[in-house]
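What follows is a set of notes on a single structure, which appears directly below.
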2 protein chains.
Amino acid sequence: MPHYFIRKLEQFTKLSRSDRQALENAAGQRRTVAKHSDIISEGDDPHHVNLILDGWACRYKQLDDGRRQIIAFFVPGDLCDSHVYILREMDHSIVALTPVRLAEISRATLERMADDHGRVTKALWWDTLVTVAVQREWTVNLGQRTALERLGHLFCEVFLRLRGVGLTDGATCDFPLTQVELADALGLSNVHINRTLQELRRAGLIGLKGGRLTIPDFDALQRASLFNPNYLHLDHEGRLFDADGPV
Amino acid sequence: MPHYFIRKLEQFTKLSRSDRQALENAAGQRRTVAKHSDIISEGDDPHHVNLILDGWACRYKQLDDGRRQIIAFFVPGDLCDSHVYILREMDHSIVALTPVRLAEISRATLERMADDHGRVTKALWWDTLVTVAVQREWTVNLGQRTALERLGHLFCEVFLRLRGVGLTDGATCDFPLTQVELADALGLSNVHINRTLQELRRAGLIGLKGGRLTIPDFDALQRASLFNPNYLHLDHEGRLFDADGPV
DNA sequence: CGCATTTTTGATCAAGTTCAATATCAGTGG
DNA sequence: CCACTGATATTGAACTTGATCAAAAATGCG
């Protein structure tokens with residue numbers, strides 16, 4: 001069941017029973033991917049769309065001389081690339097950072113859903129727009145923020161995204177990334193990530209241990225990181241309506 | 001006439017006369033925006049989609065303490081944000097960097113076009129996907145590349161995008177950006193931009209004077225910047241087919 | 001010509017990198 | 001349960017890229 005995915009979309013708009021059923025059915029082909037193995041690689045022809053059911057993954061690009069930039073993180077409920085199949089080949093790769101369970105959604109299924117379920121289509125558009133907004137925010141993060149702000153900003157973002165799909169527990173959530181992965185995502189060296197993490201811990205802004213992240217005072221971390229959640233567009237009131245009536 | 005826009009889409013797929021006509025008609029409301037004035041601002045409710053007919057603009061985000069990051073550049077033929085109107089408010093602003101002439105395309109018009117012109121819809125998707133790919137590449141640029149590589153990479157990208165709409169003249173094109181704007185886009189100080197530009201000029205990799213950019217040896221600049229054009233997805237052969245027959 | 005913007009230069013400074021070594025941790029097999 | 005191994009985290013010291021500050025020169029435009 002694409003449980004988390006439906007939960008995510010329902011942040012934007014309430015779905016009908018039939019909408020939800022269509023989404024359940026869509027996630028046909030299941031696949032398990034081992035930690036550190038590519039889900040799809042640069043140069044591949046993208047046939048279908050991948051939906052993360054469980055585990056963490058990331059999008060990355062490798063320069064010719066080996067430097068690697070992580071471009072996005074995927075958590076449960078994330079759709080890797082709606083409509084990629086329009087392109088001839090992938091311009092980047094996606095790799096599993098933990099063991100990942102995913103669903104492969106075919107182009108045909110997606111197009112059928114677009115025809116029959118207007119609300120789902122609109123929710124998918126919302127999801128796409130938010131994904132792009134996140135990408136833009138990463139650009140700001142890398143371009144303008146200091147090391148400490150970058151890390152804090154990432155923690156705020158990931159925490160809110162996980163909370164959106166019900167994967168937080170109070171002020172705590174899973175956070176299985178290594179310091180090298182954080183470094184590759186934030187354009188910093190792993191050494192500096194390590195020192196900056198210590199600084200965040202010393203300041204009481206985060207706890208991070210054994211793959212679990214705690215943000216004791218979200219407001220404080222948000223202020224320290226110049227984090228503004230507006231780009232996640234979580235403000236939509238559509239989710240309050242009942243959608244089981246007529247469209 | 002959204003001349004450049006049509007030209008851009010036809011890089012991806014050949015359009016029929018009727019497709020082109022629909023695009024011409026779509027670009028209804030025209031507007032002129034003075035240099036340095038916002039086309040749309042963070043917090044605004046986005047009613048329609050903006051299409052740049054002429055001039056350069058950029059997307060930017062301002063942090064609370066004043067730091068500004070330019071997130072994308074827009075050149076003639078660029079569509080600012082397909083489907084933004086799904087969101088309640090803008091999470092960033094768009095400002096004219098030169099005098100800009102633009103067309104405002106309403107939500108209704110876009111939706112009508114999606115229904116009646118499958119080829120156009122697909123071409124718009126391609127455009128959207130490429131825009132996002134560019135955003136990802138900027139993340140890589142800011143995260144991994146040195147000052148010289150960043151500048152060179154931007155020059156390569158902008159040059160190819162302009163060439164795609166016929167706005168280059170041999171190895172030369174317009175380039176009306178100031179060094180401060182380059183600095184805000186590349187996450188560097190204007191002073192360092194200045195010195196890096198000199199380095200690029202000394203190396204014979206670029207000429208830049210009076211708002212005109214020359215790239216005497218594209219290959220050399222590409223190598224120096226680790227630029228790989230695959231993310232622009234210019235490889236589609238669809239553009240070779242005749243589209244005036246049936247879909 | 002005169003004013004505002006943009007570019008250029010010099011000098012000092014700081015954030016983050018690099019390199020290299022050590023410590024810790026999570027599994028794994030015996 | 002423990003010893004072993006590879007991966008991950010931590011520390012120290014020297015170094016570099018690019019930032020900052022401040023002033024001067026060049027450009028462009030009304």
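All of these numbers come straight from a predicted model, not from anything done at the bench. All chains are named by letter (A, B, ...) in the order of the sequence lines, taking the proteins before the strands, and each is independently numbered beginning at 1.
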*Starting at atom CG of B/Leu188, determine the distance to atom P of C/dA15, rounded to an integer number of angstrom.*
17 Å
*Measure the distance from NE2 on A/His192 to P on D/dT16 and round it to the nearest whole Å.*
18 Å
*Of A/Asn194, A/Asn190, A/Asp184, which meets side-chain hydrogen bond (donor to acceptor under 3.5 Å, both in side chains) against A/Gln179?*
A/Asn194
*asked:* Mind checking if A/Thr146 touches a base, just sugar-phosphate, or nothing, with heavy atoms under 4.0 Å?
replied: sugar-phosphate
_On DNA chain C, compare the nucleotides closest to B/Val191 and A/Arg150; which residue's is nearer the 5' end?_
B/Val191
_What contact category does B/Gly187 fall into here, base, sugar-phosphate, or nothing, at under 4.0 angstrom with non-hydrogen atoms?_
sugar-phosphate
*Would you say D/dA7 has OP1 or OP2 under 4.0 Å from some side-chain N or O of A/Gln179?*
no
_Derivation of the side chain to side chain donor-acceptor pair (under 3.5 Å) call for A/Ser41 and A/Asp38_ = CA-CA 6 Å; A/Ser41 306; A/Asp38 268 8; 2.8 Å; yes
*Is a salt bridge present between A/Lys61 and A/Glu42, judged by a nitrogen-to-oxygen distance below 4.0 Å?*
no
*Is B/Asp127 salt-bridged to B/Lys8, going by a charged N under 4.0 Å from an acidic O?*
yes
*Just how far, in rounded Å, is C1' of C/dT6 from CG of B/Asn190?*
10 Å
*Under 4.0 Å between any heavy atoms, over every strand shown, what does B/Thr178 touch: base, sugar-phosphate, or nothing? Just pick one.*
sugar-phosphate
*Find the distance A/His36:NE2 to D/dT8:C1' and express it as a whole number of Å.*
11 Å
_Axis bend over the full length of the helix from C/dC1-D/dG30 to C/dG30-D/dC1, computed from five pairs that close each end, to 10 degrees_ = 50°
*Run the numbers on B/Glu157 and B/Tyr231 for side-chain contact (heavy atoms from CB on, under 4.5 Å), then give the verdict.*
CA-CA 10 Å; B/Glu157 175 184 304; B/Tyr231 71 99; 2.6 Å; yes
*Choose from C/dG16, C/dT9, D/dA19 the nucleotide whose nearest atom is closest to any side-chain atom of B/Gln198.*
C/dT9
_side chain to side chain donor-acceptor pair (under 3.5 Å) evaluation trace for A/His153 with A/Arg145_ = CA-CA 9 Å; A/His153 193 279; A/Arg145 281 185 254 260; 3.3 Å; yes
*Could you tell me the separation between the CZ atom of A/Arg195 and the P atom of C/dA14, rounded to a whole number of Å?*
18 Å
*Taking the side chain of B/Ala147 as heavy atoms from C-beta outward, which of C/dA20, D/dG18, D/dA9 is closest to it?*
D/dG18
*asked:* Using ring centroids (six-membered ring only for Trp), state whether A/Phe5 and A/His3 fall under 6.0 Å.
replied: no
*Under 4.0 Å between a side-chain N or O of A/Asn194 and OP1 or OP2 of D/dA9?*
no
_From CG of A/Leu182 over to P of C/dT17, roughly how many Å is that when rounded to an integer?_
13 Å
*Could you tell me whether the phosphate oxygens of D/dT10, OP1 or OP2, come under 4.0 Å of any side-chain nitrogen or oxygen in A/Arg201?*
yes
_Between C1' on C/dA26 and NZ on A/Lys209, what's the gap in Å once rounded to a whole number?_
13 Å
*Just how far, in rounded Å, is P of D/dG18 from CG of B/Leu151?*
11 Å
